[in-house]
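Below: the structure, in structure tokens.
Protein chains get the first letters and strands the later ones, always in sequence-line order, with residue 1 at the start of each. As the structure is a prediction and not an experimental result, all values here were calculated from the model.
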Number of protein chains: 2
Amino acid sequence: MSPKTRNVTQKEIARIAGVSQTTVSMVLNDRDGSNVRIPAATRERVKQAIEQSTYVADPAARRLAGLDNQILGVFTYEPALSPESMDFYGPLLNGIERAAEEVGCDLLFFTSSPVEDGRRTLFHRKTRLRLADGCILLGQDMDGDDLKRLVDERFPFVAVGRRDETTARVPYVGIDYVTLTDGLIRRAVELGHREGVYVHRDGDSPTARDRRGQIVAATESGTLHFTPVAVADDDVSAAVAAVAAGGATVIFAEDTFLAEDVAFALAAAGIDLPRSVSLASLGEVRGHSIGGRVLTGFQTPRQQVAAEALNLLQKLVATPADEWPGLDTQLLLDGTLELGETLVPVGSAS
Amino acid sequence: MSPKTRNVTQKEIARIAGVSQTTVSMVLNDRDGSNVRIPAATRERVKQAIEQSTYVADPAARRLAGLDNQILGVFTYEPALSPESMDFYGPLLNGIERAAEEVGCDLLFFTSSPVEDGRRTLFHRKTRLRLADGCILLGQDMDGDDLKRLVDERFPFVAVGRRDETTARVPYVGIDYVTLTDGLIRRAVELGHREGVYVHRDGDSPTARDRRGQIVAATESGTLHFTPVAVADDDVSAAVAAVAAGGATVIFAEDTFLAEDVAFALAAAGIDLPRSVSLASLGEVRGHSIGGRVLTGFQTPRQQVAAEALNLLQKLVATPADEWPGLDTQLLLDGTLELGETLVPVGSAS
DNA sequence: CCCAAGTGATAATAGGTATTATCACCGCGC
DNA sequence: GCGCGGTGATAATACCTATTATCACTTGGG
């Protein structure tokens, strides 16, 4: 064995076949035209040489030569493959993998990004971002500056989850939480509820605003009056207090984890769910239940969101940046209501 | 294909700082010596220019120039992120992600590899394998030719799971199933078992051989006599028949899925588990139970396996290929027995 | 016979970074 | 005046592929 087997290159193939490196490249890429012509005999000879060797094109060189590489980046602001995040990321990653397989792309996970303030940093000195043709961004709350810079640099990317940056038009695929939230509010009204508590976190993400917007609208129109309760550190006692204070017959929680915390706190306070008070989550509820009851909330098509995001990214990659303004780069998918068993007609307590 | 978005390059920085591209490179890499010297003033000026711009090194160019890229490949012979494979791949991927984060590497998933005969192909015309500094191989049964070719080409890689190719010395990190299997056999003997059935698949992977080897050894030494039953297409009826035929007081299944199938078939046949017959799996049993009972089997440190694999890979990448023979590249980790509740003393039926 | 068009293939170059070899200049001692 | 070591920086090159421009040679037409 030779001490250092360098990779077999086009030049090597060329030497074997007795042609130039250019010719090898032309054969590999099936180039032919008035400018460049290669007779079948030569073509065959080169192909033979390639076949007998173990030649594979060096992707770095391809990339440097300006070609796309069929590599799409995946950036997550938190670890993506940990057991805890699997609940959220799992369906998304699955959708991404399937779509990537479909279109023949490899996936580059930027696991190396240095962590600052508990979040990964997209841009840093040695980022391999540019090795990818484009990038999918995942995460509950993204960095607005990152998004702006990506837009400015005309780097193809798609955010998963709705964004509404004012500084730049960010491509995204998300879920239509406005319609879903609205649907759940109407359902509650149908069941006779008029007074509710909205338990939410302090965060200010676009999707959080979407939900809150509908809550506020319902309150202002008098359809269903909500008392907002912000919780920090998963301390939902204030929410329970608000219910105990009377009046409210239903609790809406911003997400399912919060709903579970509330359910636990209610049980501890001796408040019977759902007979004394109903509960619904404004998030995905599949796989979650409250004391054996199916939690009322949403079913969100996350695999589909991921797949659409990847398709959109592919489209961006394939389109010259100056034509992007003509594309429809912001997409919301419909979810469905899970009526569940924790949102019941008001007055069931009797 | 989109036209190359013009990025900030070293040449651009050089123009701004009024120096040459070489100098910029030197500053970036902190090069200094008798050969090349850069006074603090110039150094500072260049650093300023870099700071003010959005320069990031082009990974393709770095790679082409022969440097490490801090990118490690992950190749799985089946889809890695699907819900079904999460049971097996999840802990491994988690370990890999954590270790990659630790050493500052990005992960490239070869999701594009064309599928032939239901398995992905590692080597193909446009494989991006070489973009990675090295590669982790995952999968129940790998392709021997792939492994040989990787060794021949001196490409740094580590297989997860023990390998014993005769044609090449394959680096791997696996779990010591020999000791584990031996432990479970001794346990069964302690509990009075003398006659068993070994339910296994047709596969011929090294780890399958490891287990079978111990089964055969126990049979030949008379410690515990096993009747082997090979099953295909998850049809375990033959195994049940072998038990019903009498004699056997315990069933060992090659893996946990098989064990679950057997448990189901036993129940259907009206054979009481574990009173009439004991059952143990020669695989990871965490998260699996049989009718509320903890399944007897192994607990395997899969996160740790993955982490060790990645560390080993890092070591290979950092070591010149001609020094590899001096490295210890084959590592087996210890698992622990899960005594469980399905392997019980013989004669519990009375 | 000579120009034009056609044919087959190659030299030259771009792309961005890292390294090696080289260069220009200055001050100093003799 | 001249070599000489030291200093600061750069030109040249390699890495590998894809593309553009170019070249050598042939053939047909006038």
- Note on the structure: Rounded to whole Å, CD of B:Glu44 lies from P of D:dA9 at a distance of 14 Å

- Summary of side-chain hydrogen bond (donor to acceptor under 3.5 Å, both in side chains) pairs that have at least one residue in residues 306-316 of chain B, sequence neighbours excluded: none

- Round to the nearest Å and state the distance from A:Ile38 atom CD1 to C:dT10 atom P. 9 Å

- Message: In whole Å, I'd like the distance from the CZ atom of A:Arg63 to the C1' atom of C:dT17.
- Response: 16 Å

- Item | Partners meeting side-chain contact (heavy atoms from CB on, under 4.5 Å) with A:Asp164 (sequence neighbours left out) | A:Arg162, A:Pro206, A:Arg209

- Item | Pairing residues for B:Glu323 by the side-chain contact (heavy atoms from CB on, under 4.5 Å) criterion, not counting sequence neighbours | B:Thr319, B:Pro320

- Task: Supply the atom-to-atom distance A:Leu93 CG to B:Ser82 OG, rounded to the nearest 0.5 angstrom.
- Result: 11.5 Å

- Given D:dC16, D:dT10, C:dA18, the nucleotide with the shortest approach to the side chain of B:Val19: D:dT10

- Query: Considering the terminal five base pairs at each end of the helix from C:dC1-D:dG30 to C:dC30-D:dG1, what angle separates the two local helix axes, rounded to 10°?
  - Reply: 100°

- Message: In whole Å, I'd like the distance from the CG atom of B:Asp32 to the C1' atom of D:dA9.
- Response: 12 Å

- Item | Nearest-0.5 Å distance that lies between atom NZ in B:Lys148 and atom CD in B:Glu165 | 10.5 Å

- Task: Return the value, rounded to whole Å, for the distance between atom CG of A:Asp68 and atom C1' of D:dT17.
- Result: 14 Å

- ring-ring contact (aromatic ring centres under 6.0 Å, His included) partners for A:Phe75, two or more places apart: A:Tyr77

- When you match A:Gln10 and B:Ala61 each to their closest nucleotide on DNA chain D, which lands nearer the 5' end? B:Ala61

- Query: Taking only side-chain nitrogens and oxygens of B:Thr9, does any of them come within less than 4.0 Å of OP1 or OP2 of C:dG15?
  - Reply: no

- Message: Closest approach to the side chain of A:Arg62, judged atom by atom: which nucleotide of C:dT7, C:dG16, D:dT17 is it?
- Response: D:dT17

Set out, line by line, the N/O atom pairs under 3.5 Å between protein and nucleotides 19-21 of chain C.
| from | atom 1 | to | atom 2 | distance (Å) |
| --- | --- | --- | --- | --- |
| C:dT19 | OP1 | B:Arg31 | NH1 | 3.3 |
| C:dT19 | OP2 | B:Arg31 | NH1 | 2.6 |
| C:dT19 | O4 | B:Thr22 | OG1 | 3.4 |

- Message: Applying a 4.0 Å non-hydrogen cut-off, can you work out what A:Thr23 is touching in the nucleic acid: base, sugar-phosphate, or nothing?
- Response: base

- Message: Just to be sure I understand the rule, does A:Ala60 reach a base, reach only the sugar-phosphate, or reach nothing, if contact means heavy atoms closer than 4.0 Å?
- Response: nothing

- Item | Selection residues 138-161 of chain B - residue pairs positive for ring-ring contact (aromatic ring centres under 6.0 Å, His included), sequence neighbours left out | none

- Please identify each residue that fulfils ring-ring contact (aromatic ring centres under 6.0 Å, His included) with A:Phe109, with sequence neighbours left out. B:Phe109

- Message: Rounded to whole Å, please give me the gap between CD in A:Glu12 and C1' in D:dC15.
- Response: 15 Å

- Message: Whole angstroms only, please: what is the NZ-P distance between B:Lys11 and D:dA11?
- Response: 12 Å

- Query: Do the side-chain N or O atoms of A:Tyr55 get closer than 4.0 angstrom to the phosphate oxygens (OP1, OP2) of D:dC16?
  - Reply: no

- Sequence-distant partners of B:Phe110, ring-ring contact (aromatic ring centres under 6.0 Å, His included), two or more places apart: none

- Message: If I take atom CG in residue A:Asp58 and atom P in nucleotide D:dA14, what distance separates them, rounded to the nearest angstrom?
- Response: 17 Å

- Query: Heavy-atom distance under 4.5 Å between the side chains of A:Asp133 and A:Arg63, does that happen here?
  - Reply: yes

